[in-house]
> 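Would you mind keeping the following structure in view while I ask a few things?
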Amino acid sequence: MTSKVELVSVVIPTLNEAGNILEAVTTIQKDLAYPKEIIVVDGDSTDGTKEIVKDTNFCKLIIEPRRGYGVALKTGIKEAKGNVIIMVDGDGTYEVKHINRLLDRMIEEDADMVLATRMYDPKKAMGIMNFVGNKVITFFFDFFYSQFLSDTQTGFRAISREAIDRVELKEGDMAFATEMLIQFAKKRYSMLEVHTTYKARKYGKTKLKKFKSESKYSAPYSEDF
Ligand SMILES: Nc1nc2c(ncn2[C@@H]2O[C@H](COP(=O)(O)OP(=O)(O)OP(=O)(O)O)[C@@H](O)[C@H]2O)c(=O)[nH]1
Ligand SMILES: [Mg+2]
């Protein structure tokens with residue numbers, strides 16, 4: 001339950017997002033109306049992403065050389081100091097200017113998690129394969145865990161620190177997103193939605209299916225600016 005936002009930690013995983021990350025972080029810095037810290041967890045990108053993040057002077061940059069979307073988010077969440085964490089991709093596909101909607105609803109409803117659903121987007125920009133896959137996973141998740149979510153694959157979520165500290169998250173890749181929902185449902189933590197829109201990628205490529213997660217041989221390090 002989260003009735004007050006003392007500090008929100010925005011955690012953004014990036015891997016070669018040089019053409020996308022600046023717009024995402026500057027929009028968040030400008031629009032987010034709550035006390036905040038912005039943490040970018042970069043997978044040691046080679047396209048200039050790290051340098052762009054450093055140059056902003058308002059982001060904390062963590063280099064996480066181990067591969068995996070879930071690995072990156074877990075590293076960022078560990079570093080986060082906020083009582084609320086917002087996770088969002090740094091790839092320009094989420095409408096980050098809607099960020100306050102998640103927090104407003106979280107406070108109004110005393111929720112444990114608020115997800116930004118892209119399923120009511122009138123522009124319907126999501127690819128057909130992603131749309132159908134998402135619908136199937138969401139149907140089974142809602143059925144088995146008695147929930148009413150419409151977009152289980154959204155990576156734009158506000159999460160209570162207290163709640164996430166009480167669940168065990170083992171997945172290091174994209175399954176992390178679904179695992180989190182299952183763990184929250186099992187603990188009967190409340191999960192609500194707000195509407196957002198989906199934007200197709202303008203720069204870079206999808207990474208989620210390409211890398212296997214978790215190499216245990218290197219550790220993350222952080223750089224403050
Ligand atoms: N640090 C880190 N970030 C990653 C890794 N894999 C993916 N990401 C980031 O996690 C976010 C989600 O990955 P995407 O490649 O966009 O996956 P997707 O959303 O299914 O694909 P698109 O439809 O192309 O957006 C993006 O911001 C990526 O840059 C990784 O191994 N390490
Ligand atoms: Mg993406």
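Each ligand, and each atom within it, is numbered from 1 in the order the structure gives. These numbers were taken from a predicted model, which means no experiment stands behind them. Hydrogens, waters and symmetry mates play no part in the numbers below; they use all other heavy atoms, side chains included.
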> Nearest heavy atom to atom 11 (C) of ligand 1: which of Val40, Asp89, Ile21 does it belong to?
Asp89
> Can you label the angle between the Tyr120 ring and the His195 ring as parallel, tilted or perpendicular, going by 30° and 60°?
parallel
> Polar-atom distance check: Arg66 versus ligand 1, any N or O pair below 3.5 Å?
no
> Do we see a donor-acceptor contact under 3.5 Å between the side chains of Asp151 and Asn134?
yes
> At under 4.0 Å between heavy atoms, is it the side chain or the backbone of Ile12 that contacts ligand 1, or both, or neither?
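Ile12 to ligand 1: no contact under 4.0 Å from either part.
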> Between the Mg ion (ligand 2) and Asp91, is there an N, O or S atom separated by less than 2.8 Å?
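Given the 2.8 Å cut-off, Asp91 counts as a ligand of the Mg ion (ligand 2).
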> Side chain, backbone, both or neither: which part of Tyr198 comes within less than 4.0 Å of ligand 1 when only heavy atoms are counted?
side chain
> Yes or no: does Glu64 have any heavy atom under 4.0 Å from an atom of ligand 1?
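Glu64: no contact with ligand 1 (<4.0 Å).
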> Nearest heavy-atom pair of Ser190 and Ala111: which atoms, and what distance?
OG-CA, 3.3 Å
> Which atoms of ligand 1 are found less than 4.0 Å from any heavy atom of Glu17?
26 (C), 27 (O), 28 (C), 29 (O)
> Give the atom numbers and elements of ligand 1 that come within less than 4.0 Å of a heavy atom of Ala72.
1 (N), 2 (C)
> To the nearest 0.5 angstrom, please state how far the CG atom of Asp110 sits from the CZ atom of Arg105.
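Nearest 0.5 Å value for the CG-CZ distance: 12.0 Å.
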> Under 4.0 Å from a heavy atom of Gly68: which atoms of ligand 1 are those, numbered in the order shown and with their elements?
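Contacts of ligand 1 toward Gly68, numbered from 1: 30 (C), 31 (O), 32 (N).
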> Salt bridge or not for Glu95 and Lys199, using N-O below 4.0 Å?
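A salt bridge is present here (some side-chain N lies under 4.0 Å from a carboxylate O).
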> About how many Å separate CZ of Phe176 and NZ of Lys170, when rounded to the nearest 0.5 Å?
13.5 Å
> Side chains of Asn16 and Tyr203: is there a donor and an acceptor less than 3.5 Å apart?
no
> Considering only heavy atoms of Gly90, which atoms of ligand 1 have at least one such atom less than 4.0 Å away?
27 (O)
> Counting only heavy atoms closer than 4.0 Å, does ligand 1 sit against the backbone of Arg67, its side chain, both, or neither?
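Both backbone and side chain.
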> Just heavy atoms, cut-off under 4.0 Å: does Asn16 contact ligand 1 by side chain, backbone, both, or neither?
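Answer for Asn16: neither.
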> Carefully, step by step, assess Lys50 and Asp44 under the rule salt bridge (charged side-chain N to carboxylate O under 4.0 Å, His left out).
CA-CA 7 Å; Lys50 288 181 288 188; Asp44 219 359; 2.6 Å; yes
> Any salt bridge linking Asp31 with Lys97? Criterion: basic side-chain nitrogen under 4.0 Å from a carboxylate oxygen.
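No, no charged N to carboxylate O under 4.0 Å.
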> Between the side chains of Thr49 and Glu17, does any donor sit under 3.5 Å from an acceptor?
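Not at all, the side chains of Thr49 and Glu17 share no donor-acceptor pair under 3.5 Å.
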> Under 4.0 Å from any heavy atom of Val41, which atoms of ligand 1 are there?
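What qualifies from ligand 1 is 1 (N).
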> Which ligand 1 atoms are under 4.0 Å away from a heavy-atom of Thr93?
25 (O)
> For atom 2 (C) of ligand 1, which of the options Thr14, Thr206, Leu73 provides the nearest non-hydrogen atom?
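Looking at heavy atoms only, the winner is Thr14.
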